[in-house]
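Count residues from 1 along the sequence. None of the values given here were measured: they were computed from a predicted structure.
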Amino acid sequence: MKTPGFWYRPEATPAARLLAPAGALYDLASRLRRALIKPQRAPVPVICVGNLVAGGAGKTPVALALARRLAEIGIAVHVLSRGHGGSLAGPVRVDPERHKATEVGDEPLLLARAAPAWVSRDRPAGARAAASAGAQLILMDDGFQNPSLAKDLSLLVVDGMGFGNGRILPAGPLRERPAHGLARADALVTMGPDRAGIGALAARHGLPALAARLVPSPEDAARLRGRKVLAFAGIGRPEKFFATLAELGAEIVGAVPFPDHHAYTPDEVMRLVETAQERGAVPVTTEKDLVRLPPEARPMVEALRVDLAWDDPAAVDAVLEPVVRQVGP
């Protein structure tokens, strides 16, 4: 679905107030589920990268960066995802050359570029499959609210703008109350400028605070700077992508948001391409969206690649060190 605008308005809108009872029921059901399900232990250590909101926090870029870092230090890390938006229940190992986003989801296709990636709606079964295939450590993308698999380390990714209107789904973007989530977390990752006091929040809960930001690739930034672009994105917060393009100096002649994980049809892409041509622009989207385009349409669209940059890489290694030590030589 598209992110409702009222989720990120500070005032209590009529829609938020109307949906508040549904949010209370969602919160109660989630807490009961976590209380009643006993987590299963995987054969190898598990690191979970999660968030407290429905999309838009930057969780997958953090998972990608951690997968690359763990591989750099010699750990056979495998990534585990539910495969949101995909049809396969798994466990199945993602093959970017064979699988489509409609089968395994868009995020696993990106994650498979950094490490072997698995899709499994049954997280314990996926963890066992990855361990049998040689994983020394499992990096779980999302699943912080899923109690079925025990976590050895949980990192919460929080946008520097905070938690929107502070209400629970569907009245707001929160999957659970921050106090409940922070009580189960081992560290916080703040994405972008900390305008909501996330570092102070981490300190109050005795959690390490890691700061990170998304940086456009220098090559893509240079290629798009000064050019007219028709931007489109089907991610949690499309406006963040549009703002990134504007900041790097692209001239945005149109900005078209789609629902998160949107499956693009050939007709939709052709309309975007034709509109861009009419305006003397190039259609530009995210890497995550690009893998959801029909294969024949991808050459007609450009993607802006972004990389995650840590403010203090040594602090990240310090947070990872207890789990890395479990892996052994």
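Salt bridge Arg237/Asp260: absent, no basic N to carboxylate O contact under 4.0 Å.
Partners of Ala114 according to the side chain to side chain contact (heavy atoms under 4.5 Å, CB included) rule, which considers only residues two or more places apart in sequence or in another chain, are Leu64, Ala67, Arg68. Under the rule for a side chain to side chain contact (heavy atoms under 4.5 Å, CB included), the partners of Ala150 that lie at least two apart in sequence or sit in another chain are Pro39, Arg41. Scanning for ring-ring contact (aromatic ring centres under 6.0 Å, His included) contacts around Phe232 gives Tyr264, with sequence neighbours left out. Scanning for side chain to side chain donor-acceptor pair (under 3.5 Å) contacts around Asn146 gives Ser148, with sequence neighbours left out. The side chain to side chain contact (heavy atoms under 4.5 Å, CB included) test applied to Ala212 returns Val189, Met191, Leu308, Trp310, not counting sequence neighbours. Under the side chain to side chain donor-acceptor pair (under 3.5 Å) criterion, Glu72 pairs with Arg69, sequence neighbours left out.
Sorted by first then second residue, the ring-ring contact (aromatic ring centres under 6.0 Å, His included) pairs that include residues 131-182, not counting sequence neighbours, number zero. For residues 273-286, the set of pairs meeting the side chain to side chain donor-acceptor pair (under 3.5 Å) definition, not counting sequence neighbours, comprises Thr286-Asp289. Sorted by first then second residue, the salt bridge (charged side-chain N to carboxylate O under 4.0 Å, His left out) pairs that include residues 299-313, not counting sequence neighbours, are Arg213-Asp311, Glu219-Arg305, Asp220-Arg305, Arg223-Glu302, Arg227-Glu302. Listed by first and then second residue, the side chain to side chain donor-acceptor pair (under 3.5 Å) pairs that reach into residues 163-177 are Asp27-Arg177, Arg34-Glu176, Asn51-Arg175, Asp142-Arg175, Gln145-Arg175, Gln145-Glu176, Glu176-Arg184, sequence neighbours excluded.
Side-chain atoms of Lys240 do not come within 3.5 Å of backbone N or O of Ile235 as any donor-acceptor pair. Between the side chain of Trp7 and the backbone N or O of Pro170 there is at least one donor-acceptor pair closer than 3.5 Å. Under a 3.5 Å cut-off, the side chain of Asp194 and the backbone N or O of Ile198 do form a donor-acceptor pair.
Between the side chains of Arg123 and Gln40, no donor-acceptor pair of N or O atoms lies under 3.5 Å.
Checked against Leu155 for a side chain to side chain contact (heavy atoms under 4.5 Å, CB included), the options Leu188, Asp186, Ile47 give a single hit: Ile47.
Val49 and Ile138 fall into different hydrophobic clusters, defined by Ile, Leu, Val, Met, Phe, Trp and Tyr side-chain heavy atoms under 4.5 Å apart, directly or through other members. Cluster annotation: Val324 is connected to Leu210 through the hydrophobic network of ILVMFWY side chains, with a link wherever side-chain heavy atoms come within less than 4.5 Å.
Val77 is not listed as a side-chain neighbour of Gln136, based on a closest heavy-atom distance of 4.5 Å or more.
In the hydrophobic clustering, where aliphatic and aromatic side chains (Ile, Leu, Val, Met, Phe, Trp, Tyr) are joined below 4.5 Å either directly or transitively, Leu28 groups with Leu32. If you chain together ILVMFWY residues whose side-chain heavy atoms come under 4.5 Å of each other, Ile37 ends up in a group of its own.
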- Might you work through the side chain to side chain contact (heavy atoms under 4.5 Å, CB included) test for Val256 and Leu272, ending with a clear yes or no? CA-CA 9 Å; Val256 186; Leu272 290 166; 4.1 Å; yes
- Query: Where do Arg204 and Leu201 land on the side chain to side chain contact (heavy atoms under 4.5 Å, CB included) test, with the steps shown first?
  - Reply: CA-CA 5 Å; Arg204 288 199 298 273; Leu201 180 66; 3.3 Å; yes
- Task: Assess whether side chain to side chain contact (heavy atoms under 4.5 Å, CB included) is satisfied between Leu245 and Val284, documenting all intermediate values.
- Result: CA-CA 9 Å; Leu245 282 170; Val284 178; 4.1 Å; yes
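Here CG of Asp317 is found 9.0 Å from CG of Leu70. Values are rounded to the nearest 0.5 Å.
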